[in-house]
Amino acid sequence: MTVCTRYAPSPTGSLHIGNVRSGLFAYLWARHNGGRFILRIDDTDQERSTRESLEEIVASLQWLGIEWDAGPPDRRYFQSSRFDRYREAALRLLREGKAYPCYCTPEELEAKRRQAERERRKPGYDGTCRNKPFAADLPLPDRGAGRNYTIRFRSPREGQTVVEDLVKGHSVFQNQELDDLIIFRSDGVPTYNFATVIDDADFEITHVVRGDDHLPNTPRQIQIFLALGLAPPLYAHLPMVMGLDGKPLSKRHGATSVFAYRDAGYFPETLLNYLARLGWSHGDQEIFSKAELIQYFSFEACGKSPGIFNPEKLLWLNFHYLKQRSADQLAREAIPFIKRAGYQVPQDMAWLEKMVSTLRERAKTLVELVDFARFYLSDDIAIDPKAAAKFLKPEIVEPLKALVKGLGALRENCTEAEVQSVFEQVLGRFGLKLGQLAQPVRVALTGGTVSPGIYEVIAVLGRSRTVARLERAIAMIAQAQ
RNA sequence: GGUCCCAUCGUCUAGUGGUUAGGACACCGGCCUCUCACGUCGGUAACCCGGGUUCGAAUCCCGGUGGGAUCACCA
C-alpha cells in the first residue's frame, strides 16, 4: 500500500507555526516514501470557519513549499462537502446498535459534570441513554425538524485499546476509561472525532501524523474504525511546541503565524529547516535543504518531549540563508520590503545587487537589511549628533576637502580600488591612519558610526552622492564653528 | 482530580551498557580589522532524584519528583 498522509487544519485562524510543523512532518514522511500528501480542510464547525483563514492556510503552505497532491480548491477535500458520507456512516452505526441517541440536554450534561467534579469522580458521560431502546429506523438528529437529540458512539466497556505510536511507542488505554462520545450533534453536524475517522478511512490514509494533543482521542478513533469494520491507520504523535516560558506557543508569545514570519523578513527555507530541527534530528547536522529533509526524515529520529521555540536560533538560521543567497535573488526579495518601508524602489537591479551585497553579512532578516540600507535608499539622512560631535571636527576639514577633490575626479560609477587609491593619497598627504579618516567619512555618508566598509559604501553611493554628502558635512563643521 | 505522554548544558539536540558525555544557538574571551559585522580560535555550561539489574549505567527496570496533554453537542 502506498504511503498516504494528510494535514487537516481547521480554517478558524492563522496558520500557527507549531501546528504547521505537524503538517511538515506528515509531508516529509509522504515524500520520503514516494507517497501522497493530502491537505484536508476540517471545517465541520461552520460557525468558526472563515474564508480568510482558508486562504491564509493555502498561501502559507504554498510559500513554505509544502505542496499537496490532493486538497483545495477541490471541494471533495472539505469536510463541509462530505456531510452525506458522514450521515451514511452514522446511520449504519445506529442501525447496527453501535451508536445510540442521547436525549440529555447540554444543561443536564453540564450539571452532571459539575456534580462528578464535586464528588471527585471522573467527568465523562455517565451512560444515561446508553441502554434506552430506540426505534430501528430512527433518523439522524435535526433540531430544526424537532429531532432534538445527539448520537453517541457505543464504546466497548471491556478490554483495552492499544495505540502503537510511531514516535511515542506503545500506550495502553483501558476501554472503561473511554466514555461514549457524541458523533453527531443535535443540529445534524458530525463532530470532529467522527468525521476525521471517516475521512482517514475514505482517503486511505496510512499514517496519521499530528500533534500529541490528539493522543487521548486516538483510542476512541480506533474504536470507531473497528466498529465500522475498518483497519485503523498507523499513528505518529508529535510533541507540541512551547514558548520560551515553557507554555504552549500562543499569541502571547508574539509572532506565531507563518505570515508573521514571512512579513518579518524570514525565508521559507529558514522556517522549514528550523521547524524540522525542532523535535527531529539527523546526527549533528543543523542545515538541511528540503531535499535532505525528505531524504533523511523518519519518526524514529523524532524526539518525544515538547520543544521550546527559540527565536534566536531561528534568527541565526535565517542569517545563514541570507548570507548564502545570491545577490540577485536577495535584491529581488528585498523589493517588497523596500516598498513597505516607504522608500522608492530603485529601478537599476545591478545597483540593487551591489547594495545588498554590502549588507549581506550584517543583516539577519530582509527587514533588517532594508533598515540598514536607509542611507543608500534615501539622501535624506539624519546625522547622529553624538557621532558628529566625535568625528566631524575642524581638523578633519582639510583632509575631507582633499578627499572631495580626489573623489570628484573619478567616474560616477567608481570602483572600490579607485576609491582606495584616493584614500591612500589623502592619508599619505596628511599623515593620517585609515581609521582617522574613515570614521568621519562614514558619519558624513551614512549619518552614523556603523556601516559596511567605507570603500564599498562609496562605490555603491557613486561619486556625486558621495561628494554632495561630504560637502554637506564640511559645511556643517564650518557652521558649528 | 482521573487517564495518557515526557525528562542530557539556559535552548535545540547527539548518544541505544564501557565516551575526557559530542554538536548547534545564545553567552564570555583571543585573533582579524576603517566602524559594525562576517570569519576564525578558545572558554563557561547538562545526564531531575532515589532504589535496583550489572564487573560496569545518561543508556535497562521500579518508585518519586517535575513538566505537558486531555477529560465539550471545538477541532
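Letters A, B, ... mirror the listed sequences (proteins, then strands); counts begin at 1.
- A side chain to side chain donor-acceptor pair (under 3.5 Å) check over residues 139-156 of chain A, counting only residues at least two apart or in different chains, returns the pairs A:Arg143-A:Ser186.
- Rounded to a whole angstrom, the distance from the C1' atom of B:U20 to that of B:C6 is 30 Å.
- The two atoms that bring A:Val208 and A:Pro233 nearest to each other are CG2-CG, 3.6 Å, heavy atoms only.
- Between A:Ser171 and B:C4 there is no side-chain polar atom (N or O) within less than 4.0 angstrom of OP1 or OP2.
- Under the side chain to side chain donor-acceptor pair (under 3.5 Å) criterion, the residue pairs touching residues 211-223 of chain A are A:Thr161-A:Gln223, A:Lys168-A:Asp212, A:Asp179-A:Arg220, A:Tyr192-A:His214, A:Asn193-A:Gln221, A:Arg210-A:Thr218, A:Arg210-A:Gln221, A:Thr218-A:His237, with sequence neighbours excluded.
- Panel note: side chain A:Thr358, backbone A:Met355; a donor-acceptor pair is recorded below 3.5 Å.
- Applying the salt bridge (Lys or Arg N to Asp or Glu O under 4.0 Å) definition to pairs two or more places apart or across chains, those involving residues 303-317 of chain A are A:Glu286-A:Lys313.
- To the nearest angstrom, C1' of B:C73 lies 13 Å from OH of A:Tyr100.
- When heavy atoms are screened at a 4.0 angstrom cut-off, A:Phe173 is found touching the sugar-phosphate backbone but no base atom.
- The aromatic ring centroids of A:Phe203 and A:Tyr77 lie less than 6.0 Å from each other.
- To the nearest angstrom, C1' of B:A75 lies 13 Å from CG of A:Asp200.
- If you check B:U19 for Watson-Crick or wobble pairing at under 3.5 angstrom, you find it has no partner at all.
- Comparing the C1' positions of B:U8 and B:U59 gives a spacing of 11 Å, expressed to the nearest Å.
- Sequence order on RNA chain B of the closest nucleotides to A:His170 and A:Gly283 puts A:His170 first from the 5' end.
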Pairs under 3.5 angstrom, nitrogen or oxygen only, protein versus nucleotides 59-61 of chain B, please.
none

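- Annotation: salt bridge (Lys or Arg N to Asp or Glu O under 4.0 Å) contacts involving residues 428-440 of chain A, sequence neighbours excluded, are absent.
- Spacing between B:A7 and B:C61 at atom P, rounded to whole Å, works out to 12 Å.
- Using a distance-only test at 3.5 Å, with no hydrogens or angles considered, a donor-acceptor pair links the side chain of A:Tyr274 to the main chain of A:Asn310.
- With hydrogens and angles left out, the side-chain atoms of A:Thr449 and A:Lys390 include no donor and acceptor closer than 3.5 Å.
- One can place NZ of A:Lys304 at 15 Å from P of B:U16, the figure rounded to the nearest angstrom.
- For B:C38, the base is syn relative to its sugar; the glycosidic angle is within 90° of 0.
- As judged by a 4.0 angstrom heavy-atom cut-off over every strand, A:Gly448 is placed among residues making no nucleic acid contact.
- Nucleotides B:A21 and B:C62 have their C1' atoms positioned 25 Å apart, rounded to a whole Å.
- Between atom CZ of residue A:Arg277 and atom CD1 of residue A:Ile287 there is a gap of 10.0 Å, rounded to the nearest 0.5 Å.
- Going from atom CD1 of A:Ile308 over to atom P of B:A46 covers 18 Å, rounded to whole Å.
- One can place CD1 of A:Ile183 at 13 Å from P of B:C74, the figure rounded to the nearest angstrom.
- With 3.5 Å as the limit, one finds no donor-acceptor pair spanning the side chains of A:Arg48 and A:Ser10.
- For A:Arg325 (side chain) and A:Leu330 (main-chain N/O), no donor-acceptor pair under 3.5 Å exists by modelled atom type.
- Once rounded to the nearest 0.5 Å, the distance linking CG of A:Leu249 with CG of A:Leu244 reads 9.5 Å.
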Nucleotide N/O to protein N/O under 3.5 Å, stretch nucleotides 67-72 of chain B:
from, atom 1, to, atom 2, distance (Å)
B:G68, OP1, A:Lys247, NZ, 3.0

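- Here B:A75 presents its P atom at 12 Å from CZ of A:Arg40, a figure rounded to the nearest Å.
- B:G15 and B:A75 have their P atoms separated by 39 Å, given to the nearest Å.
- Less than 4.0 Å separates RNA chain B from at least one heavy atom of each of the following residues of residues 145-167 of chain A: A:Thr150.
- Within the structure, the salt bridge (Lys or Arg N to Asp or Glu O under 4.0 Å) test picks out no pair touching residues 357-378 of chain A (sequence neighbours left out).
- With hydrogens and angles disregarded, a donor-acceptor distance shorter than 3.5 Å links the side chain of A:Asp43 to the backbone of A:Ser80.
- Residue contacts for A:Cys302: at a heavy-atom cut-off of 4.0 Å it reaches no nucleic acid atom on any strand shown.
- As rounded to whole Å, 18 Å separates atom P of B:C4 from atom CZ of A:Arg210.
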Atom pairs and distances, donor-acceptor, side-chain atoms in residues 417-427 of chain A, under 3.5 Å, two or more places apart:
from, atom 1, to, atom 2, distance (Å)
A:Glu418, OE1, A:Arg411, NH2, 3.2
A:Glu418, OE1, A:Thr415, N, 2.9
A:Glu418, OE2, A:Arg411, NH2, 2.9
A:Gln420, NE2, A:Glu424, OE2, 3.1
A:Ser421, OG, A:Glu418, O, 3.2

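- With rounding to whole Å, A:Asp43 atom CG is found 14 Å from B:C74 atom P.
- Comparing B:U33 with B:C38, their C1' atoms are spaced 11 Å from each other, to the whole Å.
- If you check every strand for non-hydrogen atoms under 4.0 Å, A:Val172 touches sugar and phosphate atoms only.
- Rounded to whole Å, the separation between the C1' atoms of B:A46 and B:G23 comes to 14 Å.
- Contacts between residues 6-23 of chain A and RNA chain B, defined by a heavy-atom separation under 4.0 Å, are made by A:Ser10.
- A 3.5 Å limit on both hydrogen-bonding distances identifies B:G10 as the Watson-Crick or G-U partner of B:C25.
- Sorted by first and then second residue, the salt bridge (Lys or Arg N to Asp or Glu O under 4.0 Å) pairs involving residues 169-178 of chain A (not counting sequence neighbours) are A:Lys122-A:Glu177.
- Both distances falling under 3.5 Å, in either a Watson-Crick or a G-U wobble arrangement, occur for no nucleotide opposite B:A37.
- Pairing of B:A72, defined by two Watson-Crick or G-U wobble distances under 3.5 Å, is not identified with any nucleotide.
- Using a 4.0 Å cut-off, some side-chain N or O of A:Thr44 falls inside it from OP1 or OP2 of B:A75.
- B:G63: Watson-Crick or G-U partner is B:C49, with both key distances under 3.5 Å.
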Scoring nucleotides 24-39 of chain B by protein non-hydrogen atoms under 4.0 Å (B base, S sugar-phosphate only, - none) yields BSS-------BBBBSS
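- Looking at every heavy atom in both residues, A:Leu445 comes nearest to A:Arg469 through O-NH1, 2.7 Å.
- Nucleotides B:C27 and B:C32, compared at atom P, are 22 Å apart to the nearest Å.
- Rounding to the nearest 0.5 Å gives a distance of 11.5 Å between CG of A:Asn273 and CG of A:Leu278.
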